[in-house]
K.L.:
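Could you have a look at this structure, given as structure tokens, before my questions?
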Amino acid sequence: MKFLDEAKIFLKSGDGGNGAVAFRREKYVPRGGPAGGDGGRGGHVVFEAVNDLNTLIDFRYRQHFKAERGENGMGKNRSGKQGQDLIVKVPVGTQILNDDKATVLADMVGDGMQIALLEGGDGGFGNSHYKSSTNQAPRYAQKGFEGEEMWVWLRLKLIADAGLVGLPNAGKSTFLAASSAAKPKIADYPFTTIAPNLGVVATEESSFVLADIPGLIEGASDGRGLGDRFLGHVERTRVLLHLIDGTADDLAENYRIVRAELAAYGHGLADKPELVAMNKTDALTEEDLAEKRTALEKACGQPVATLSGATGDGVKSIIYALDGAIKTAKQRIAKLENPEPDGFDPVREEHS
């Protein structure tokens, strides 16, 4: 299935049904009053996030979505049936943006999450509603109100625990294949990956979702090489794994290029916890490995792990380091969302 992370669609909620003009016509009621029912409300346009979708490709072939119109009112004071709501299913992680592509109308971040984006038009009143002491037989009914309509953009941002970043040909897809059951396309040339991939990485005690995005190039944050859209797929991750090609000439410069793009993109990417790893160590001598590792550690200011996605050497230790970093990030976020009240003493509470 092809991957598509952006689509533009047209939405229209249902128009309300018209009210009816009708009168009682019964044998023993010679002066029957008005009996026109109200029109039914038009259907809403509702978005629902579902886990079993992972691309917006369906919206390339269908771009217009219209909810059902409400039925007209009927005689004998019978109201028209409401129009059926239109449920538009999108992948979890989809943002709904206004036509300007800047205003976020909704962010579908949870499986089963629903939001009524457009409300259906109200149905019109039947002539029964307009009966009064001065007008016993009104011959007027209200028309139904029109539904709402608008063009929106859908933008998919994958939801994963950790994200792989690095320059093209850093070995990100190879690492994903070595650490999970994902089967990304792998070849020895840049830009093999042209769409994000997700893999579930399992440890002995837990598992996490790892996202591999296409390699970044200088200017990615400004949209060069579609980099701004690719960066959006690691925007929701808790931890970043920065892979560096160990066979490159200047590892420190490669590290700085990617870090500059993360900072320029914004949205908190540069502030996320980051692990740095040097890949393709199987192609290096011990002397080159030590020299390049020292230079990279000096550039990033933290210990650098070494691995070979091709042979599997060092992959397991990176997986456990990622798992620990993800758990730490989750705990930190939980504390920020649920701070302990002032004066709380966990020791005193435990013994009370």
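Note that the structure is predicted; figures quoted are calculated from it, not measured.
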K.L.:
I want to check something: taking the side chain as every heavy atom from C-beta on, are Thr94 and Leu53 in contact at a cut-off of under 4.5 Å?
P.N.:
no
K.L.:
Which heavy atom in Ala252 sits nearest to a heavy atom in Ala299, and how many Å separate them?
P.N.:
CB-CB, 3.6 Å
K.L.:
For Glu297, enumerate each residue passing the salt bridge (charged side-chain N to carboxylate O under 4.0 Å, His left out) test, keeping only those at least two apart in sequence or located in another chain.
P.N.:
Arg293
K.L.:
Quick one, Ile318 and Phe175 - any side-chain contact, counting heavy atoms below 4.5 Å?
P.N.:
yes
K.L.:
Provide the full list of salt bridge (Lys or Arg N to Asp or Glu O under 4.0 Å) pairs with a residue in residues 98-125, sequence neighbours left out, each pair given once.
P.N.:
Glu6-Lys101, Lys8-Asp99, Asp107-Arg236
K.L.:
Kindly indicate whether the side chain of Leu11, heavy atoms from C-beta on, has any atom under 4.5 Å from the side chain of Phe47.
P.N.:
yes
K.L.:
Ignoring hydrogens and angles, tell me if any N or O in the side chain of Thr237 forms a donor-acceptor pair with the backbone of Ala160 under 3.5 Å.
P.N.:
no
K.L.:
Is the CD atom of Gln114 crowded by more than 12 outside heavy atoms at less than 6.0 Å?
P.N.:
yes
K.L.:
First locate atom CG of Asp161, then atom CG of Leu210, and finally report the distance between them rounded to the nearest 0.5 Å.
P.N.:
9.0 Å
K.L.:
How would you list, by chain and number, every residue that makes a salt bridge (charged side-chain N to carboxylate O under 4.0 Å, His left out) with Lys157, sequence neighbours excluded?
P.N.:
Glu235
K.L.:
Return the set of residues passing side-chain contact (heavy atoms from CB on, under 4.5 Å) with Asn72 (not counting sequence neighbours), or none when no residue passes.
P.N.:
Asn18, Arg69
K.L.:
Tell me every residue that passes side-chain contact (heavy atoms from CB on, under 4.5 Å) with Lys66, counting only those two or more places apart in sequence or in another chain.
P.N.:
Phe10, Lys12
K.L.:
Would you call the rings of Phe65 and Phe59 parallel, tilted or perpendicular, where under 30° means parallel and over 60° means perpendicular?
P.N.:
tilted
K.L.:
Please examine the side chains of Leu117 and Glu148, heavy atoms only from C-beta on, and report whether any two atoms are closer than 4.5 Å.
P.N.:
no
K.L.:
Strictly by salt bridge (Lys or Arg N to Asp or Glu O under 4.0 Å), give each pair with a member in residues 316-325 just once, sequence neighbours left out.
P.N.:
Asp323-Lys327
K.L.:
Hey, are the side chains of Leu275 and Leu322 touching, using non-hydrogen atoms and a 4.5 Å cut-off?
P.N.:
yes
K.L.:
For Asp38 and Ser79, run side chain to side chain donor-acceptor pair (under 3.5 Å): C-alpha distance rounded to whole Å, both residues' side-chain angles, the deciding distance at 0.1 Å, then the answer.
P.N.:
CA-CA 5 Å; Asp38 300 337; Ser79 296; 4.6 Å; no
K.L.:
Partners of Tyr320 by ring pair (Phe, Tyr, Trp, His ring centres under 6.0 Å), sequence neighbours excluded?
P.N.:
none
K.L.:
Can you list every salt bridge (Lys or Arg N to Asp or Glu O under 4.0 Å) pair that touches residues 76-97, not counting sequence neighbours?
P.N.:
Arg41-Asp85
K.L.:
Could I get the full list of salt bridge (charged side-chain N to carboxylate O under 4.0 Å, His left out) partners for Glu274, not counting sequence neighbours?
P.N.:
Arg259
K.L.:
With heavy-atom distances below 4.5 Å as the criterion, would you say the side chains of Pro273 and Arg332 are in contact?
P.N.:
yes
K.L.:
Is the closest side-chain heavy-atom distance between Ile96 and Leu154 below 4.5 Å?
P.N.:
yes
K.L.:
Would you say the side chain of Thr174 lies within less than 4.5 Å of the side chain of Lys280, judging by non-hydrogen atoms?
P.N.:
no
K.L.:
With no hydrogens and no angle check, is any side-chain donor or acceptor of Asp15 less than 3.5 Å from a backbone partner on Gly147?
P.N.:
yes
K.L.:
Once ring-ring contact (aromatic ring centres under 6.0 Å, His included) is applied, what residue pairs with a partner in residues 76-119 remain, sequence neighbours excluded?
P.N.:
none
K.L.:
Under 3.5 Å, which donor-acceptor pairs link side chains of residues 136-145 to any protein atom two or more places apart or in another chain?
P.N.:
{"from": "Gln136", "atom 1": "NE2", "to": "Ser132", "atom 2": "O", "distance (Å)": "2.9"}
{"from": "Gln142", "atom 1": "OE1", "to": "Phe125", "atom 2": "N", "distance (Å)": "3.2"}

K.L.:
List the steps, then state whether side chain to side chain donor-acceptor pair (under 3.5 Å) holds for Ser128 with Asn77.
P.N.:
CA-CA 7 Å; Ser128 296; Asn77 289 314; 2.5 Å; yes
K.L.:
Partners of Leu289 by side-chain contact (heavy atoms from CB on, under 4.5 Å), sequence neighbours excluded?
P.N.:
Met278, Thr281, Leu284, Thr306
K.L.:
Return yes if some donor-acceptor pair links the side-chain N/O of Asn127 with the main-chain N/O of Ala22 below 3.5 Å, else return no.
P.N.:
yes
K.L.:
Look at the side chain of Asn279 and the backbone N and O of Ala170, then say whether any donor-acceptor pair between them is shorter than 3.5 Å.
P.N.:
yes
